[in-house]
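As structure tokens, the structure follows; a few thoughts come after it.
Quantities reported herein were computed from a predicted structural model and do not represent experimental measurements. In each ligand, atom 1 is the first atom listed, and ligand 1 is the first ligand listed.
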Amino acid sequence: MKLTDINGISPERDKALHESGVKTPDQLVQLFPRTYIDRRKVLGIRQLHGSGEKVTVIGKITSVRESGFGRKKRLEAILQDETGQLKGVWFKGISYFKKTLKIGSDAAFFGTVKRYGRFLSMAHPEVEQFSGTDSSDDQSFARIVPVYPGNRSFRDAYITSGLLKKWILFTLDRIRFQEFLPDEVLKRFQLPERNTAFRWIHEPESPEKHIKALERFKFEELFLFELSVVSLKKEVFDKAPGPVMGRTKPLTSKFFNAVLPFELTSGQKNALTDIKKDLRSGCQMNRLLQGDVGSGKTVVAIGAILMAIDNGYQAAMMAPTEILAEQHFHTFDHWLSPLGVNIRLITGNQKKALRDDILSDIAGGTANIVIGTHAVIQDAIRFHRLGLAIIDEQHRFGVSQRALLRDKGEHPHIMVMSATPIPRSLAMTLYSDLDLSVIRDLPPGRKTVRTNILRESERKEAYYLMNRQLQDGGQIYVVYPLIEESEAMDLKNATEGFDQVRFDFPDHTVGLLHGRMTLDEKEAVMRGFMKNQIQILVSTTVIEVGVNVPNASIMVVEHAERFGLSQLHQLRGRIGRGERQSYCLLMTDVRQSKEARSRLATMEETSDGFRIAEADLKLRGPGDFLGTRQSGLPEFRYADILSDQYLLERAKQTAIELLAKDPHLNDPTHRELKKAFLPHLEEKKKFFRIS
Ligand code: ADP
Ligand code: MG
């Protein structure tokens, strides 16, 4: 069956459907309604009180007119049914609605009804217009009317919601869809069979049926996803051989018993237990270590590295920037050199002689630990016996770097560390190849950073605090937001801020850091700040994740409302690292929206990164939250990994159970499931570069 076999689909309409990605009858029925009008709840206009109730009314648009001038300008449309009239009012998007609202067309308004004198009105109602065939009998008898998404090419080809419905029902009468979910799964979760589910989507008898049908399609795609993830993990990642590191461990115990000046937190201990188990298993470790800024991931990394060295292997640690790599180098050097461990730092701009020396040290096996930037995975570097590779600040790297590392040396164990506390469901989908260890606690005795939202008029208070800390020998960050539309504006903001701060604090050295500076310039400024040659660092958001300057105790964030919550949390994590009481001052414009205020208030209320991330995710959605760097988030058509988390867990569990019984889906009852799942598996393999 072709689309044009359907009554009413002309070649032009066929083309319009194609342009919207609908190329076959199968794809047509996968076009789900974007909403439904429940006509059982539609009220006659006369029945409305106008006391703020939320309702749907259906009638004919009898007039559309503009009134008022300037800021008072508005658009009014009268909707009339058999019982009375109601006015829809628009204060925004006037020209758009003036064009789209057609006098004489049948329409539904959804919204809140208010009464003003004699008039019932709805401000900015959601509008659904039906025209021509839409108000045909077949629709008005239906109790719940699906409303399909529209677009320009649909409009140009006169493809209305009503027509789509007719075509879809025509198709459903003629095509049978193959069920591939096992019977027992359908039964267990009381999900409708595929054909029934399509029917319930497009012609629901009740909202409950529609919800159940949608749940089926969500589960279906999550289940196929989890099947591919779980089987790949079982067959590939969990079975890849890895170096066995089970020997007794002099360095490890010396370090934890004699060198480390503090007790590990229970989160750190648990993470190390997970890691130890992996290192001994004989299979390659693929683990994500998640822990908020300051939770002490570095010490866990050191623990893992020492186990590798104790067993005669080399270890590598990769950081996203040279500053971070250097910082790690100093920490490692400080703690491990006294134990006789040889640590080498490899960066992009080292002199050839030094570089050659380092390379031969690594190849010869005299270097126990190699720390560096991307340089670590370069071809030129040959390890003598690499057994463990750690990536810090994982979100800065992609899947491809993980794949490169996996292929380096003798299939080294891989651990990636991330300070972005993402909810479990997101971690499950994003890092599906990794096992997860989470450090939820912070080392004891941390002073919480005091956070205050300040208005421009309260800047004096900020200056007072800043002066006090400076006199006390402290240091300060001042951060300006990245303005996406214009890098130039950005720079202007920060440079003007820089001039202002220099003027206001003439007795101290002020440094400026921004994205247009060269790597060397940036590093020079950063080093000056680390050595306290610079007391106030004014910067755009380029200040590095993970940078540790314990003497810095104030973080001033300008235009704080322009930052995401997680970003603010990361920034705030730069301070509160030393003895001093630290302050995070969120400067905001006076005229900011209520939402912006309550959003920022989250920062005042909590310092729990997981809670902040969750709030942030809810506000921004996963794509935006993770930013453009983070590719690899699977696109689900129906499921939302945040609100449908329970379905994801259920899908994962079901996939694990099913694959335990039938690892290759060879059971005859799983034949259709296997057919449906294989393309997903292929796609995943490509993604993880597994041939
Ligand atoms: P992050 O997880 O952000 O990378 P770090 O590893 O840089 O955190 O640790 C932050 C600071 O906390 C470091 O100065 C580290 O020495 C210290 N630290 C780590 N673990 C503990 C602990 N168990 N007790 C006290 N201090 C700790
Ligand atoms: Mg760190």
Within ligand 1, which atoms have a heavy atom of [X] less than 4.0 Å away?
{"X": "Lys297", "value": "1 (P), 2 (O), 3 (O), 4 (O), 6 (O), 8 (O)"}
{"X": "Glu263", "value": "22 (C), 23 (N), 24 (N)"}
{"X": "Val293", "value": "3 (O)"}
{"X": "Thr298", "value": "4 (O), 5 (P), 6 (O), 7 (O)"}
{"X": "Leu264", "value": "23 (N)"}
{"X": "Ser295", "value": "2 (O), 8 (O)"}
{"X": "Thr265", "value": "23 (N)"}
{"X": "Asp292", "value": "2 (O)"}

Do the non-hydrogen side-chain atoms of [X] and [Y] ever get within less than 4.5 Å of each other?
{"X": "Thr451", "Y": "Leu586", "value": "yes"}
{"X": "Lys276", "Y": "Arg280", "value": "yes"}
{"X": "Val525", "Y": "Phe529", "value": "no"}

Whether the [X] and [Y] side chains hold a donor-acceptor pair (N or O, under 3.5 Å, no angle test) is what I'd like checked.
{"X": "His413", "Y": "Asp278", "answer": "no"}
{"X": "Ser253", "Y": "Asn257", "answer": "no"}
{"X": "Arg572", "Y": "Ser607", "answer": "no"}

Among the heavy atoms of Gly294, does any lie under 4.0 Å from an atom of ligand 1? yes
Check whether any heavy atom of Asp392 sits under 4.0 Å from an atom of ligand 1. no
Hey, is [atom1] on [X] packed in by over 12 heavy atoms from elsewhere, all under 6.0 Å?
{"X": "Tyr646", "atom1": "OH", "answer": "yes"}
{"X": "His508", "atom1": "NE2", "answer": "yes"}
{"X": "Glu604", "atom1": "CD", "answer": "yes"}

Region of Thr331 engaging ligand 1 - heavy atom pairs below 4.0 Å: neither
Does any N or O atom in [X] lie less than 3.5 angstrom from one in ligand 1, N or O only?
{"X": "Asn548", "answer": "no"}
{"X": "Pro443", "answer": "no"}
{"X": "Gln268", "answer": "yes"}

